[in-house]
Amino acid sequence: MKFEIITDTASGLSYKYVTKNNVKMVSFKYYFGDNEHDTFVQSNDEDWLREFYAKLRKKESANTSMINSDAFITMFTDVLNKGKDFIYLAFSSALSGTCETARAVMEKLKPLYPDRKMYVFDTKSAAQGLGLNVDFAVRQRDKGDSIEQVYQWQVDNTLKICHWFTVDDLFFLKRGGRISGATAVAGTVLGIKPVMHVNNEGKLIKVGTERGRKAALDALVKKFGDTAISPENQRVFIGHGDCADDMKYVQKQLKDKFNVKEFETGFVNPVIGVHSGPGTMTVFFYGNSRE
């Protein structure tokens, strides 16, 4: 293997996935008060994620910090010193400055490793949508494609990685400034659930509302049906904010209605979960377009 695939923990990829598929991970940090935590735990045990969401349900104050340049220097030089090239598939630059930090580090390293190929790519993706970008890269690498081919696929196709979300508790969108306090209160009283997606600029935007949780979950399924390409041949990524029963409901709908056979499911990582809250449900797939 002549090149490494690197991503960050905004991708929501599990320890099991990255170890099985030889993906390298750079980690954000999250905080409850002054207590710092890593957003990547080298274990298949997911109790730490359940504990994270349990604290959010108690409305404990939480935030995240972006990955610093030292982390990228360590990761990139480790790969380069082993004589390998790399492609880093980054969290959307519209949601974090991490991609630009990584790009600045790469530019400083290029003169020191003139024979190595380095790519930092802004996927304009988030959560398991970024995970799906990574999965396509893994499949190309494993069939023998070059790093140039992997990079070009990302350039040509990243805006076909469709992101659809809903949240259960509007408090977290209010705290993040995405909706007003009045909207959050009214929406909670009326049982309104927003339906959101990540647009072509890599920004998280609201595109509609539904009355009640089940209607919001069904809206995600409908969005899949409206835009997915060859659903029966896709590997669909689903993320959940500690609401596994809802995840199973959406998964069954996609199986029954569209004959989807392959899924990658798991928790929405704290990088995203801090801002979206418990009950977040996400569906990611390859479609005609994001918009």
Side-chain angles (χ1 to χ4, degrees), residues 3-13 18 23-29 39-40 64-77 79-80 85-110 116-141 145-165 176 178 196-205 237 239 268-269 271-272 274-276 282 284-291:
F3 68 93
E4 297 283 5
I5 297 169
I6 305 170
T7 192
D8 55 62
T9 45
S11 65
L13 293 172
V18 300
V23 173
K24 293 190 174 295
M25 188 74 80
V26 189
S27 183
F28 284 81
K29 304 291 184 183
T39 57
F40 187 66
T64 59
S65 64
M66 57 183 268
I67 301 167
N68 62 37
S69 58
D70 288 345
F72 286 115
I73 291 169
T74 298
M75 175 63 75
F76 293 169
T77 55
V79 170
L80 296 167
D85 306 326
F86 71 80
I87 180 169
Y88 167 52
L89 300 176
F91 184 27
S92 172
S93 64
L95 300 173
S96 171
T98 299
C99 182
E100 289 309 310
T101 300
R103 188 170 283 126
V105 169
M106 177 185 70
E107 293 303 327
K108 289 180 179 179
L109 291 174
K110 279 183 176 180
R116 298 268 58 85
K117 298 170 185 175
M118 311 177 204
Y119 294 93
V120 170
F121 182 71
D122 179 5
T123 64
K124 303 188 186 301
S125 295
Q128 277 91 342
L130 170 54
L132 187 51
N133 279 81
V134 173
D135 193 60
F136 276 110
V138 165
R139 284 183 266 176
Q140 283 186 275
R141 179 203 64 195
D145 283 358
S146 67
I147 192 171
E148 293 88 352
Q149 289 173 305
V150 170
Y151 175 77
Q152 192 59 48
W153 189 96
Q154 297 289 325
V155 171
D156 294 340
N157 292 278
T158 196
L159 296 183
K160 295 182 179 180
I161 304 294
C162 301
H163 299 53
W164 289 98
F165 298 74
R178 297 195 177 275
M196 301 171 288
H197 82 142
V198 172
N199 67 9
N200 286 347
E201 296 177 3
K203 297 178 180 178
L204 180 61
I205 62 171
F237 277 48
V268 172
N269 190 275
V271 180
I272 306 297
V274 161
H275 308 287
S276 60
T282 64
F284 308 95
F285 57 92
Y286 187 80
N288 293 308
S289 68
R290 289 190 184 182
E291 300 289 355

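Keep in mind that the numbers below use all heavy atoms, side chains included, and drop hydrogens, waters and symmetry copies.
- Looking at Thr98 and Phe72, their side chains come closer than 4.5 Å, going by heavy atoms from C-beta outward.
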What do the steps show when you test Met118 against Phe76 for side chain to side chain contact (heavy atoms under 4.5 Å, CB included), and what is the final call? CA-CA 9 Å; Met118 311 177 204; Phe76 293 169; over 6 Å; no

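- In this structure the side chain of Phe121 reaches within 4.5 angstrom of the side chain of Thr158, judged on heavy atoms.
- Expressed to the nearest 0.5 Å, how far CG of Asn68 lies from OG1 of Thr74 amounts to 8.5 Å.
- In this structure, the side chains of Met25 and Thr7 come closer than 4.5 Å at one or more pairs of heavy atoms.
- A distance-only check finds a donor-acceptor pair linking the side chain of Thr123 to the backbone of Ala90 [under 3.5 Å].
- Results of the ring-ring contact (aromatic ring centres under 6.0 Å, His included) test with His163 over Tyr286, Phe285, Phe284 single out Phe284 as the only residue that passes.
- The backbone N or O of Ser146 lies less than 3.5 Å from a partner atom in the side chain of Gln149, making a donor-acceptor pair.
- Contact between Leu95 and Ala126 at its shortest, heavy atoms only, is CD1-CB, 4.0 Å.
- A donor-acceptor distance shorter than 3.5 angstrom exists from the side chain of Thr39 to the backbone of Phe28, with no hydrogens or angles considered.
- The heavy-atom pair separating Thr101 from Met66 by the smallest distance is OG1-CE, 3.1 Å.
- With hydrogens and angles ignored, the 3.5 Å screen pairs no side-chain donor or acceptor of Arg290 with any backbone N or O of Gly202.
- With a 4.5 Å cut-off on side-chain heavy atoms, Val155 and Gln152 count as touching.
- Ile161 and Gly129 make their closest contact through CG2-O, 3.6 Å (heavy atoms, listed as atom of the first residue, atom of the second, distance).
- The distance from atom OH of Tyr119 to atom CD1 of Ile87, rounded to the nearest 0.5 Å, is 8.0 Å.
- Taking CD of Gln128 as the start and CG of Leu13 as the end, the distance is 7.0 Å to the nearest 0.5 Å.
- Counting only N and O atoms by type, the side chains of Asp122 and Ser93 include a donor and acceptor under 3.5 Å apart.
- To the nearest 0.5 Å, atom CG of residue Asp8 and atom CZ of residue Phe91 are 7.5 Å apart.
- The NZ atom of Lys124 sits 7.5 Å away from the CG atom of Leu159 when rounded to the nearest 0.5 Å.
- When atom types are taken as modelled, the side chain of Thr9 and the backbone of Phe40 share no donor-acceptor pair closer than 3.5 angstrom.
- Taking each heavy atom of Ala137 and Val150 in turn, the nearest pair found is CB-CG1, 3.7 Å.
- Side-chain atoms of Val198 and Ser125, non-hydrogen and from C-beta on, never get closer than 4.5 Å to each other.
- Between Phe237 and Asp135, the closest side-chain pair of non-hydrogen atoms falls below 4.5 Å.
- The side-chain heavy atoms of Gln140 and Trp153, taken from C-beta on, include a pair separated by under 4.5 Å.
- For the atom pair Lys110 NZ and Arg116 CZ, the distance stands at 13.5 Å (nearest 0.5 Å).
- Aromatic ring pairs are classed by plane angle as parallel below 30°, tilted from 30° to 60° and perpendicular above 60°; the pair His197 and Trp164 is parallel.
- Scanning all heavy atoms of the two residues, the minimum distance from Val120 to Arg103 falls at O-NH2, 3.3 Å.
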